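For reference, the structure is listed below as structure tokens.
FYI, side chains are in, hydrogens and waters are out, and symmetry mates aren't considered; it's all heavy atoms of this structure. Reminder, nothing fancy here: chain letters follow the sequence lines and each chain counts from 1. The structure presented is a predicted model; accordingly, all values stated were derived computationally and were not measured.
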Protein chains: 2
Amino acid sequence: MQSRTPVSRTGRPRSAAADAAILAATRAALVELGWSKLTLGDVAVRAGVAKTTLYRRWAGKNELVVDAVAELFDELTLPDRGSLAADIEGVVLQFAAILARPEARNGLMAVVAESTRDDALRERIRASIVDRQKRLVLAGRARAQARGELPPESDAREAERTVDLIFDMVAGAVVHRTLVSAEPADEEWVHGFTRVLLSGLSAPGP
Amino acid sequence: MQSRTPVSRTGRPRSAAADAAILAATRAALVELGWSKLTLGDVAVRAGVAKTTLYRRWAGKNELVVDAVAELFDELTLPDRGSLAADIEGVVLQFAAILARPEARNGLMAVVAESTRDDALRERIRASIVDRQKRLVLAGRARAQARGELPPESDAREAERTVDLIFDMVAGAVVHRTLVSAEPADEEWVHGFTRVLLSGLSAPGP
DNA sequence: GTATTACGCTACGACCCGTAGCGAAAGCGC
DNA sequence: GCGCTTTCGCTACGGGTCGTAGCGTAATAC
């Protein structure tokens with residue numbers, strides 16, 4: 001998780017408790033202060049560690065916040081609700097619940113913004129957050145194909161493109177709804193979204 | 001545009017040229033420095049104005065960047081390409097072209113992140129950027145209905161909800177594709193996206 | 001001309017940054 | 001037990017940015 005894990009055999013080992021305390025303190029600071037007013041000195045005080053300890057483990061604010069936010073998204077699961085539409089609604093609601101938390105909204109958007117000027121940071125976000133959750137799309141598609149709700153893909157490359165497209169559409173829509181439109185992605189909204197995603201705008205309304 | 005426009009009848013008027021220079025300098029600084037390293041002192045130097053002048057017109061970094069970015073989105077139009085699908089592809093490509101510019105990506109995401117802790121800022125973003133562009137969705141739907149591609153809406157409230165949903169799906173997907181996935185929203189991608197948006201995932205592939 | 005406002009400039013205390021240096025603490029191998 | 005190695009907490013530092021105050025000057029309305 002940290003910037004580097006020096007596989008040292010000897011010497012005093014790094015405190016794992018300090019790691020957890022620092023990441024939790026970072027999330028708390030994101031809630032109270034937001035991204036721009038968050039200072040590493042303040043995080044160190046909250047976590048009960050020295051500021052120098054923090055700089056020994058993370059290169060800067062960006063990397064620290066990525067790790068602090070990434071932990072939030074690992075709790076996503078894909079419960080079997082019986083149909084593709086219901087499965088999608090279930091996972092989208094979970095995703096919306098995470099994005100409703102201030103530490104997730106604030107931290108995630110800020111590091112994404114910073115990543116437009118920092119390739120290493122963007123790769124860190126991709127590895128720690130985005131690609132880890134693509135498993136949900138893959139699992140959902142496989143389950144839907146087993147049910148006969150989706151046709152089996154013929155071309156492998158085409159299938160991968162579709163997975164990326166779906167991920168962008170789902171994550172993008174929920175993020176935009178939650179953060180930009182500032183409206184809750186509640187059950188009603190998720191239901192309408194899922195209907196359009198599966199059947200399209202041309203289909204007749206409810 | 002500024003934080004306040006005191007309708008003063010007497011005294012020396014504010015320089016309109018300074019306004020344009022400051023906003024242009026802000027965009028240039030966003031390109032070169034990014035959000036977090038952008039300082040108001042630096043913007044003032046680039047614009048050739050005193051730092052105090054900048055503080056007299058804008059409350060802070062957030063408000064300044066919102067205004068600087070908002071100007072970028074006013075060039076969006078909805079050209080008549082003959083069909084709903086082609087119209088959507090056209091405007092999405094324009095949107096993607098704007099988001100490909102560093103000053104738009106970096107500035108927009110950063111202020112959206114900050115707006116999660118600042119209601120006034122979020123309202124400013126809504127008024128200056130989001131709601132201004134909803135006209136495109138309205139115009140596209142009206143044109144498609146005139147062509148018979150979309151059914152006329154029966155319920156007004158339902159129709160408004162659909163407009164918001166479409167806006168979140170379109171803007172969200174393009175933003176996520178461009179910024180998070182860091183892949184270009186080129187013609188091929190836009191074509192696939194439009195097909196899903198109109199016909200849904202259940203429809204047969206290409 | 002006079003009142004009023006905007007402007008440029010300078011200076012200021014306050015805060016945060018990221019790093020260096022030090023002694024103490026906590027493990028590992030013997 | 002004992003040394004070796006690495007981490008830890010603490011303090012201190014120069015450098016940078018913040019946002020504001022004060023002042024004299026420039027530009028407009030009446």
task = For the pair A/F167 and B/H176, name the ring-plane relationship: parallel under 30°, tilted 30 to 60°, perpendicular over 60°.
result = perpendicular
Atom CD of A/Q145 with >12 non-hydrogen neighbours under 6.0 angstrom = yes
key: Main-chain N/O of B/A29 paired with B/K37 side-chain donor or acceptor, under 3.5 Å   = no
B/D119/B/R122 salt bridge by N-O under 4.0 Å criterion = yes
inquiry  = For B/E89, is there an ion pair with B/R81 - N to carboxylate O distance below 4.0 angstrom?
reply    = no
inquiry  = Using whole Å, what does the distance between atom C1' of nucleotide C/dC17 and atom CG of A/L54 come to?
reply    = 13 Å
ask   = Between B/R141 and B/E153, is there a salt bridge with N-O shorter than 4.0 Å?
value = yes
key: Inter-residue atom distance B/L72.CG - B/R101.CZ, 0.5 Å rounding   = 5.0 Å
query = Starting at OH of A/Y55 and ending at C1' of D/dC10, how long is that distance when rounded to a whole Å?
reply = 16 Å
message = What is the distance, to the nearest angstrom, from the CD atom on A/E63 to the P atom on C/dG18?
response = 10 Å
request  = State, yes or no, whether a side-chain contact exists between B/K134 and B/D164 at a heavy-atom distance under 4.5 Å.
outcome  = yes
message = Measure CG/A/L38 against C1'/C/dC17 and give the value in whole Å, please.
response = 13 Å
ask   = Do other residues, nucleotides or ligands put more than 12 heavy atoms under 6.0 Å from B/E183 CD?
value = yes
query = Between B/E158 and B/R161, is there a side-chain N and carboxylate O pair less than 4.0 Å apart?
reply = yes
ask   = How close or far is atom P of C/dG18 from atom CH2 of A/W58, stated in whole angstroms?
value = 15 Å
message = Tell me which residues in residues 24-32 of chain B lie within less than 4.0 Å of DNA chain D, going by non-hydrogen atoms.
response = none
remark   = Rounded to whole Å, NZ of B/K37 lies from C1' of C/dC16 at a distance of 15 Å
ask   = Among D/dG19, D/dT17, C/dT19, which nucleotide sits nearest the side chain of B/L40?
value = D/dG19
inquiry  = Within the 4.0 Å limit for protein heavy atoms, which parts of nucleotides 7-12 of chain C are touched? Write it as a string from 5' to 3', B for base, S for sugar-phosphate only, - for none.
reply    = BBB---
key: Passing option when A/R27 is tested against A/E103, A/E32, A/E71 for salt bridge (Lys or Arg N to Asp or Glu O under 4.0 Å)   = A/E71
message = When the axes are fitted on five pairs at both termini, how much does the helix from C/dG1-D/dC30 to C/dC30-D/dG1 curve, in 10° steps?
response = 30°
